[in-house]
Undergrad: 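Pasting a structure here, questions to come.
Numbering of residues begins at 1 and proceeds along the displayed sequence. The figures that follow rest on heavy atoms only: side chains count, while hydrogens, waters and symmetry mates do not.
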Amino acid sequence: MELRPLGNTGLNLSCVGFGASPLGNVFGDVPEEVAIASVRLAFQSGINFFDTSPYYGGTVSEKVLGKALKALGAPRNEYIVSTKCGRYKEGFDFSAERVTRSIEESLQRLQLDYVDILQCHDIEFGSLDQIVNETIPALQKLKEAGKTRFIGITGLPLSIFTYVLDRVPPGSVDVILSYCHYCINDSTLEDLIPYLKSKGVGIINASPLSMGLLTESGPPQWHPASPELKSACQAAAACCKKKGKNISKLAMQYSLLNKDITTVLVGIKSVEQVEQNVAAATELAISGIDQEALSEVETILNHVKNQTWPSGIQKN
């Protein structure tokens with residue numbers, strides 16, 4: 001598994017990251033033994049980055065990931081763990097008091113002394129000025145106390161990243177996690193990469209399948225995409241299937257192509273999914289992407305390219 005540097009952190013992350021939200025049973029029930037086996041195989045296959053949040057499954061994801069990592073019996077410096085703060089089953093709270101308490105709770109659930117990255121979760125749902133003036137300074141104190149090594153921010157609208165990074169002291173945010181903006185149907189994150197690199201900020205790209213749009217089975221019912229976008233992605237998936245190709249593998253490989261993106265974070269809930277994602281990355285490294293299939297899919301999606309959906313408080 002290829003390792004890539006994360007901004008100025010000195011961390012090297014596997015190009016495929018293990019998204020642990022499904023371990024919180026958010027996409028169907030995942031038995032604990034399956035979760036533990038999936039994390040073990042991922043680690044053995046060279047995946048060293050595991051991402052969770054107290055929000056996923058109302059703390060279940062953190063607890064299960066903690067058990068699975070402990071079961072590895074591997075030295076702590078051999079895997080990289082990221083969790084989040086500010087978003088909970090009960091709602092959003094980015095106050096200094098809550099995020100400080102949050103990391104203590106997360107460390108207990110994860111059975112760890114520290115996390116490698118602590119991220120403010122979906123900041124577009126809070127006050128961005130509070131993030132700048134209260135949350136990030138609180139996280140800096142947690143960094144100084146050794147509770148986290150690095151600090152990040154996550155969310156859907158790309159404008160939130162520049163808003164915050166332009167207003168905090170240089171080096172106080174180490175990483176951003178963007179999702180659904182570096183996929184075959186939406187590559188707008190690309191425009192932000194030079195800016196992020198100039199700030200020394202590492203880039204995590206989550207949801208290469210655009211929250212299920214780029215799958216044969218299609219997105220969940222609640223997916224916020226327009227009917228037009230859903231229909232186009234469905235047509236692209238059908239085109240791939242007809243030719244014996246899998247749109248999810250193609251989508252994963254497309255996201256992995258950009259070496260400026262440190263890791264592509266994909267939700268994993270089974271040993272089979274670990275195998276599929278590792279195989280996609282390995283195949284890409286050996287023989288490259290199927291350009292013909294990619295061109296056909298891009299043509300089908302051309303009229304909906306970079307179409308997104310609203311998220312958070314609209315003034316953000």
Undergrad: Nearest 0.5 angstrom please: Arg76 CZ to Leu112 CG, how far?
TA: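 The CG atom of Leu112 is 5.0 Å from CZ of Arg76, to the nearest 0.5 Å.
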Undergrad: Ignoring hydrogens and angles, tell me if any N or O in the side chain of Tyr88 forms a donor-acceptor pair with the backbone of Gly86 under 3.5 Å.
TA: yes
Undergrad: Is the side chain of Ser172 donor-acceptor paired with the backbone N or O of Val168 at a distance under 3.5 Å, no angle test?
TA: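 Judged by distance alone, no pair lies under 3.5 Å.
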Undergrad: Is Ser255 reaching over with its side chain to a backbone N or O of Val264, donor-acceptor style, under 3.5 angstrom?
TA: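 The answer is no, because no donor-acceptor pair under 3.5 Å joins these two groups.
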Undergrad: Check the side chains of Ser95 and Glu134 for a donor-acceptor pair under 3.5 angstrom, ignoring hydrogens and angles.
TA: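 No, no side-chain donor-acceptor contact under 3.5 Å.
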Undergrad: Whether the side chain of Asn133 engages the backbone of Asp129 through a donor-acceptor N/O pair (distance < 3.5 Å, no angle test) should be reported.
TA: yes
Undergrad: Answer yes or no: is there a donor N or O on one side and an acceptor on the other, between the side chain of Gln273 and the main chain of Lys269, under 3.5 Å?
TA: yes
Undergrad: Give, for atom CD1 of Ile117 and atom CG of Leu11, the distance between the pair rounded to the nearest 0.5 Å.
TA: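 Taking CD1 in Ile117 and CG in Leu11, the distance rounds to 6.0 Å.
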Undergrad: When rounded to the nearest 0.5 angstrom, what is the spacing between OG in Ser210 and CG in Asn185?
TA: 4.0 Å
Undergrad: Please tell me if the side chains of Leu250 and Ile184 come closer than 4.5 Å, counting only heavy atoms from C-beta onward.
TA: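 A side-chain contact under 4.5 Å exists here.
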Undergrad: Indicate yes or no for a side-chain donor-acceptor contact from Ser198 to the backbone of Tyr195 under 3.5 Å, with no hydrogens or angles considered.
TA: yes
Undergrad: Looking at Tyr55, does the NZ or CZ of Arg87 lie under 6.0 angstrom from its six-membered ring centre and within 45 degrees of the ring axis?
TA: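 Yes, a cation-pi geometry.
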Undergrad: Pick from Leu284, Ile289, Thr263: which one makes a side-chain contact (heavy atoms from CB on, under 4.5 Å) with Leu256?
TA: Leu284
Undergrad: Under a 4.5 Å cut-off applied to non-hydrogen side-chain atoms, are Thr308 and Thr188 in contact?
TA: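 When only atoms from C-beta onward are counted, Thr188 and Thr308 do not touch, as no gap falls below 4.5 Å.
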Undergrad: Can a donor-acceptor pair be found, under 3.5 Å and without considering hydrogens, that links the side chain of Ser287 to the backbone of Glu283?
TA: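 Yes; judged by distance alone, with no hydrogens or angles, the pair exists.
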Undergrad: Is a donor from one side chain sitting under 3.5 angstrom from an acceptor on the other, for Thr154 and Gln119?
TA: no
Undergrad: Please report the C-alpha distance between Ser106 and Thr59 in whole Å, then the side-chain angles of each, then the deciding distance to 0.1 Å, and finally whether the side-chain contact (heavy atoms from CB on, under 4.5 Å) criterion is met.
TA: CA-CA 8 Å; Ser106 290; Thr59 75; over 6 Å; no
Undergrad: Considering all heavy atoms of both residues, which atom of Gly152 and which atom of Val173 are nearest to each other, and what is their separation?
TA: CA-CG1, 4.4 Å
Undergrad: Between Gln276 and Lys249, is the side-chain contact (heavy atoms from CB on, under 4.5 Å) condition met? List the steps.
TA: CA-CA 8 Å; Gln276 286 167 352; Lys249 182 172 85 168; over 6 Å; no
Undergrad: Under a 4.5 Å cut-off applied to non-hydrogen side-chain atoms, are Glu62 and Tyr56 in contact?
TA: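 Side chain of Glu62 against side chain of Tyr56, heavy atoms only: no contact under 4.5 Å found.
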Undergrad: OH/Tyr163 to CD1/Ile123 distance, rounded to the nearest 0.5 angstrom?
TA: 10.5 Å
Undergrad: Evaluate the side-chain proximity of Ile153 to Ile160: yes if any heavy-atom separation is below 4.5 Å, no if none is.
TA: no
Undergrad: Step by step, work out the side-chain contact (heavy atoms from CB on, under 4.5 Å) result for Ile261 and Leu189.
TA: CA-CA 10 Å; Ile261 290 168; Leu189 177 61; 4.2 Å; yes
Undergrad: Less than 4.5 Å apart, side chain to side chain, heavy atoms only: is that true for Asn306 and Ser187?
TA: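 Yes, side chains in contact.
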Undergrad: Are the side chains of Val16 and Met252 in contact, using a 4.5 Å heavy-atom criterion?
TA: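 With C-beta onward as the side chain, the pair touches.
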Undergrad: Taking all non-hydrogen atoms of both residues into account, name the closest pair between Val34 and Ser270 and its distance.
TA: CG1-CA, 4.1 Å
Undergrad: Where is the tightest heavy-atom contact between Leu118 and Thr148, given as atom of each residue plus distance?
TA: N-OG1, 3.2 Å
Undergrad: Quick one: are Leu6 and Asn12 in side-chain contact, heavy atoms under 4.5 Å?
TA: no
Undergrad: If hydrophobic clusters are built by linking Ile, Leu, Val, Met, Phe, Trp and Tyr wherever their side-chain heavy atoms come under 4.5 Å apart, do Trp309 and Tyr182 end up in the same one?
TA: yes
Undergrad: Evaluate the side-chain contact (heavy atoms from CB on, under 4.5 Å) criterion for residues Gln111 and Lys67: first the C-alpha distance (whole Å), next the side-chain angles of each, then the deciding distance (0.1 Å), finally the verdict.
TA: CA-CA 8 Å; Gln111 303 181 57; Lys67 280 185 187 175; 3.8 Å; yes
Undergrad: To check you understand the geometry: which heavy-atom pair defines the closest contact between Arg167 and Val132, and what is its length?
TA: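 Looks like O-CG1, 3.7 Å.
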Undergrad: Ignoring hydrogens and geometry beyond distance, is a side-chain donor-acceptor pair present between Asp122 and Tyr179 at under 3.5 Å?
TA: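 Result is no, nothing qualifies.
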Undergrad: Does any non-hydrogen side-chain atom of Lys241 lie less than 4.5 Å from one of Lys245?
TA: no
Undergrad: Carefully, step by step, assess Lys199 and Asp174 under the rule salt bridge (charged side-chain N to carboxylate O under 4.0 Å, His left out).
TA: CA-CA 9 Å; Lys199 296 274 187 184; Asp174 305 290; over 6 Å; no
Undergrad: Distance to the ring centre below 6.0 angstrom and angle to the axis at most 45 degrees; does that hold for Arg98 and Phe92?
TA: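 No.
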Undergrad: Just checking, is any N or O donor in the side chain of Lys84 or Thr52 under 3.5 Å from an acceptor N or O on the other one?
TA: no
Undergrad: Within this structure, what is the CD-CZ distance for the pair Gln130 and Phe94, rounded to the nearest 0.5 Å?
TA: 8.0 Å
Undergrad: Is a donor on one side and an acceptor on the other found under 3.5 Å between the side chain of Lys230 and the backbone of His223?
TA: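 Such a contact is found between Lys230 side chain and His223 backbone.
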Undergrad: Once salt bridge (charged side-chain N to carboxylate O under 4.0 Å, His left out) is applied, do any residues pair with Asp260, and if so which ones, sequence neighbours excluded?
TA: Lys197
Undergrad: So, Asn48 versus Ser14: side-chain donor-acceptor pair below 3.5 Å or not?
TA: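 Yes, side-chain donor-acceptor contact under 3.5 Å.
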Undergrad: Would the Phe18 and Phe43 ring centres measure less than 6.0 Å apart?
TA: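 Centroid separation for Phe18 and Phe43: 6.0 Å or greater.
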Undergrad: Between CG of Leu214 and CD of Gln234, what distance do you get to the nearest 0.5 Å?
TA: 12.0 Å
Undergrad: For the backbone of Pro227 and the side chain of Ser231, can you confirm whether one donor and one acceptor N or O come within less than 3.5 Å of each other?
TA: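 No; zero donor-acceptor contacts below 3.5 Å.
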Undergrad: Is the His181 to Phe161 ring centre distance short of 6.0 Å?
TA: no
Undergrad: Quick one, Glu298 with Lys305, criterion salt bridge (charged side-chain N to carboxylate O under 4.0 Å, His left out). Give me CA distance, side-chain angles, the key distance, then yes/no.
TA: CA-CA 8 Å; Glu298 286 182 322; Lys305 179 75 173 175; 5.0 Å; no
Undergrad: Given Arg4 and Glu2, is the salt bridge (charged side-chain N to carboxylate O under 4.0 Å, His left out) satisfied, shown in steps?
TA: CA-CA 7 Å; Arg4 299 178 183 175; Glu2 180 192 355; 3.1 Å; yes
Undergrad: Any idea which heavy atoms bring Ser102 and Cys85 closest together, and the distance?
TA: OG-CB, 3.7 Å
Undergrad: Distance alone, cut at 3.5 Å: any donor-acceptor contact between the side chains of Ser248 and Glu216?
TA: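 Result is no, nothing qualifies.
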Undergrad: Which atom names give the shortest non-hydrogen contact between Glu275 and Leu41, and what distance separates them?
TA: CG-CD2, 3.7 Å
